[in-house]
J.: 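Take this structure, written in structure tokens, and hold onto it; I'll ask about it next.
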Amino acid sequence: MNICGTTQLTALLGHPAAHSISPLMHNEAFSILGLDYVYLAFDVLPSQLKTAVEGLKAIHIKGFNLTMPHKTAIIEYLDELTAASRLCGAVNTVINDNGRLIGHTTDGTGYMRSVSYAGFQVTGKTMTILGAGGAATAICTQAALDGMKEIHIFKRNNTTFSKTEEFARNLTRHTKCNVQVFDLADTGQLKHSLSESVLLTNATNIGMEPDIHESLITDTSFFHPDLIVSDIIYHPGETRLLKLAKEAGCPTMNGLYMLLFQGAAAFEYWTGREMPIEPIRQKYFDP
Ligand code: NAP
């Protein structure tokens, strides 16, 4: 890669940001396609987000990604949101269209593409999702837009429960999908929802550090062989939930391909070119 006077800048803003695999993935893809772009990761404090965005706009950045904790906070600095970003209330990709900042979310498309890439067909069926944070709402939104028939969201009955209920009502109103929210403590309902589901998605932090030995479901009688059990966590590559599901005979999948495909979608927005998935997958995403 030769950085020169015409090189276009793309970036990640997060706090922290240094651990991200995104710079490797994007720079490799730019290099393979011979594109005059570079991707850098910047650690931006929440209190500095506005200043950082103004600076990036002033230097005509092509686009940038947001990771925790900026996915919601970024919205007030943008000029426009896609329908999916508006529905889920989160942005992880920004395009700079001649000074107009447009917010997209690629977490949901990344997840749905990873499910079909793994060979699973889930359109028109029922899914159960654990958690209702930024990634979960993006996944629910895209799944509903892609034609999922029913989505059952299970989350803790805390101060954000009613906000999730409002999100579910709104998504049901704007799509053909029936989205319902249940208390995670209602294990009877969870077992029933799973019996009707073809896909279970863990979109909580439970299973990653420091909760590496935890799983929100430990009773394997909740699983059935036709249930695809997926975890959007990718480190560790096999969470306790996936291990238990595999032992119960379920097909399983971790969050690595979601990471790959959410990046590929952002890459296409910025460059107008398809990311060369296979060499990137082989180099950075296969264990
Ligand atoms: P977030 O917005 O903070 O949401 C976290 C969710 O986890 C919330 O719904 C929260 O519940 C739930 N949760 C946390 N602790 C819990 C507990 N002890 N019991 C039950 N639920 C609990 O985070 P996020 O951005 O959605 O990220 C969630 C996970 O997805 C992280 O592990 C992240 O690394 C991963 N992720 C992966 C990808 C990928 O490309 N593979 C992309 C994005 C995120 P409440 O709603 O009750 O607070």
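Since we're looking at a predicted model, the values are computed, not measured. When a ligand or atom number is given, it counts from 1 through the structure's own listing order.
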J.: Tell me: protein heavy atom nearest atom 19 (N) of ligand 1, and distance?
T.: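 Minimum-distance protein heavy atom for atom 19 (N) of ligand 1 reads R156 CD, 3.6 Å.
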
J.: Charged N to carboxylate O under 4.0 angstrom, R240 versus E214?
T.: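 Not counted as a salt bridge, because no side-chain N and carboxylate O are separated by less than 4.0 Å.
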
J.: Mind checking whether G131 has an N or O less than 3.5 Å away from an N or O of ligand 1?
T.: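 N/O-N/O distance below 3.5 Å does not exist for this pair.
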
J.: Under a 3.5 Å threshold, yes or no: a donor from one side chain and an acceptor from the other, between T106 and T109?
T.: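 Their side chains do not contain a donor-acceptor pair, so the 3.5 Å distance test is not met.
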
J.: Will you find, in the side chains of Q282 and D286, an N or O donor that is under 3.5 Å from an N or O acceptor?
T.: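 There is no such pair between these side chains.
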
J.: Mind checking what makes side-chain hydrogen bond (donor to acceptor under 3.5 Å, both in side chains) contact with T10, not counting sequence neighbours?
T.: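 For T10 there are no side-chain hydrogen bond (donor to acceptor under 3.5 Å, both in side chains) partners, ignoring immediate neighbours.
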
J.: In terms of side-chain heavy atoms, does Y37 have a donor or acceptor partner in N27 at a distance below 3.5 Å?
T.: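 Side-chain D/A pair, Y37 to N27: absent.
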
J.: Write out the residue and atom name of the closest protein heavy atom to atom 31 (C) of ligand 1, then the distance separating them to 0.1 Å.
T.: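 Nearest neighbour among protein heavy atoms for atom 31 (C) of ligand 1, to 0.1 Å: N205 OD1, 3.3 Å.
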
J.: On a heavy-atom basis, I'd like to know which of P69, G133, A90, G108 is closest to atom 1 (P) of ligand 1.
T.: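 Shortest heavy-atom distance from atom 1 (P) of ligand 1: G133.
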
J.: Could you tell me whether E268 and R273 have a side-chain N and a carboxylate O separated by less than 4.0 Å?
T.: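 Salt bridge flag = no for R273 with E268.
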
J.: Check E165 with R169, please: is the shortest side-chain N to carboxylate O separation under 4.0 Å?
T.: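 No.
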
J.: Under 3.5 Å between any N/O of L216 and any N/O of ligand 1: does that happen in this structure?
T.: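 So ligand 1 has no N or O lying under 3.5 Å from an N or O of L216.
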
J.: For ligand 1, which part of T164 has a heavy atom less than 4.0 Å away: the side chain, the backbone, both, or neither?
T.: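 Near ligand 1, T164 shows nothing, with every heavy atom at 4.0 Å or more.
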
J.: If the cut-off is 4.0 Å to any non-hydrogen atom of I233, which atoms of ligand 1 fall inside it?
T.: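 Within the 4.0 Å cut-off of I233, ligand 1 contributes 32 (O).
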
J.: Hydrophobic cluster membership, with links at side-chain heavy-atom distances under 4.5 Å among I/L/V/M/F/W/Y: are M258 and I21 in one?
T.: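 No, M258 does not connect to I21 through the hydrophobic network.
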
J.: Provide, to 0.1 Å, the distance between atom 47 (O) of ligand 1 and the closest protein heavy atom, together with that atom's residue and name.
T.: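 Protein heavy atom with the smallest distance to atom 47 (O) of ligand 1: N158 ND2, 2.7 Å.
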
J.: Hey, which atoms in ligand 1 end up nearer than 4.0 Å to a heavy atom of K71?
T.: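 Those of ligand 1 that fall under 4.0 Å from K71 are 43 (C).
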
J.: Heavy atoms only, cut-off 4.0 Å: how does L184 contact ligand 1, side chain, backbone, both, or neither?
T.: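 Within the 4.0 Å criterion, L184 contacts ligand 1 through side-chain atoms alone.
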
J.: Identify the closest protein heavy atom to atom 24 (P) of ligand 1: which residue and atom is it, and at what distance?
T.: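 Looking only at protein heavy atoms, the one closest to atom 24 (P) of ligand 1 is A135 N, 3.9 Å.
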
J.: Can you tell me how far the CG atom of D97 sits from the NZ atom of K62, to the nearest 0.5 Å?
T.: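 That separation rounds to 8.5 Å.
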
J.: If you have a sec, work out which protein heavy atom is nearest atom 34 (O) of ligand 1 and how many Å separate them, to one decimal?
T.: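 Atom 34 (O) of ligand 1 sits closest to the protein heavy atom M208 SD, 3.9 Å.
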
J.: Hey, are K125 and E150 close enough for a salt bridge, meaning a charged N less than 4.0 Å from a carboxylate O?
T.: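 Looking at E150 together with K125, the answer is no, because their closest N to O distance does not fall below 4.0 Å.
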
J.: Strictly less than 4.0 Å: does any protein heavy-atom distance to atom 3 (O) of ligand 1 fall in that range?
T.: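 For atom 3 (O) of ligand 1 the answer is no, since every protein heavy atom stays at 4.0 Å or beyond.
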
J.: I'd like to know if E214 contacts ligand 1, where contact means a heavy-atom distance under 4.0 Å to any ligand atom.
T.: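 Under 4.0 Å: no for E214.
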
J.: Got the closest protein heavy atom to atom 36 (N) of ligand 1, with its distance?
T.: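 Going by distance alone, atom 36 (N) of ligand 1 is nearest to I232 CD1, 3.7 Å.
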
J.: Quick check on contacts: which atoms of ligand 1 are under 4.0 angstrom from a heavy atom of K155?
T.: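 Within the 4.0 Å cut-off of K155, ligand 1 contributes 45 (P), 46 (O), 47 (O).
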
J.: Starting from atom 9 (O) of ligand 1, locate the nearest protein heavy atom and write down its residue, its atom name and how far away it is, to 0.1 Å.
T.: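 Going by distance alone, atom 9 (O) of ligand 1 is nearest to A132 N, 2.8 Å.
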
J.: Show me, pair by pair, the donor-acceptor contacts under 3.5 angstrom made by side chains of residues 69-77, not counting sequence neighbours?
T.:
| unit_1 | atom_1 | unit_2 | atom_2 | d |
| --- | --- | --- | --- | --- |
| H70 | NE2 | V44 | O | 2.8 |
| K71 | NZ | D107 | OD2 | 2.7 |

J.: Counting non-hydrogen protein atoms only, what is the nearest one to atom 42 (C) of ligand 1? Give residue, atom name and distance.
T.: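 Looking at atom 42 (C) of ligand 1, the protein heavy atom closest to it is M258 CE, 3.5 Å.
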
J.: Could a heavy atom of A203 be found less than 4.0 Å from some atom of ligand 1?
T.: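 Yes, that is the case, since the closest heavy atom of the residue is under 4.0 Å from the ligand.
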
J.: Under 4.0 Å, heavy atoms only, figure out whether ligand 1 is touched by the backbone of Y234, its side chain, both or neither.
T.: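 For Y234, only side-chain atoms sit under 4.0 Å from ligand 1.
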
J.: Look at E166 together with K163 and state whether they make a salt bridge at an N to O cut-off of under 4.0 Å.
T.: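 The answer is no: the pair does not qualify as a salt bridge.
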
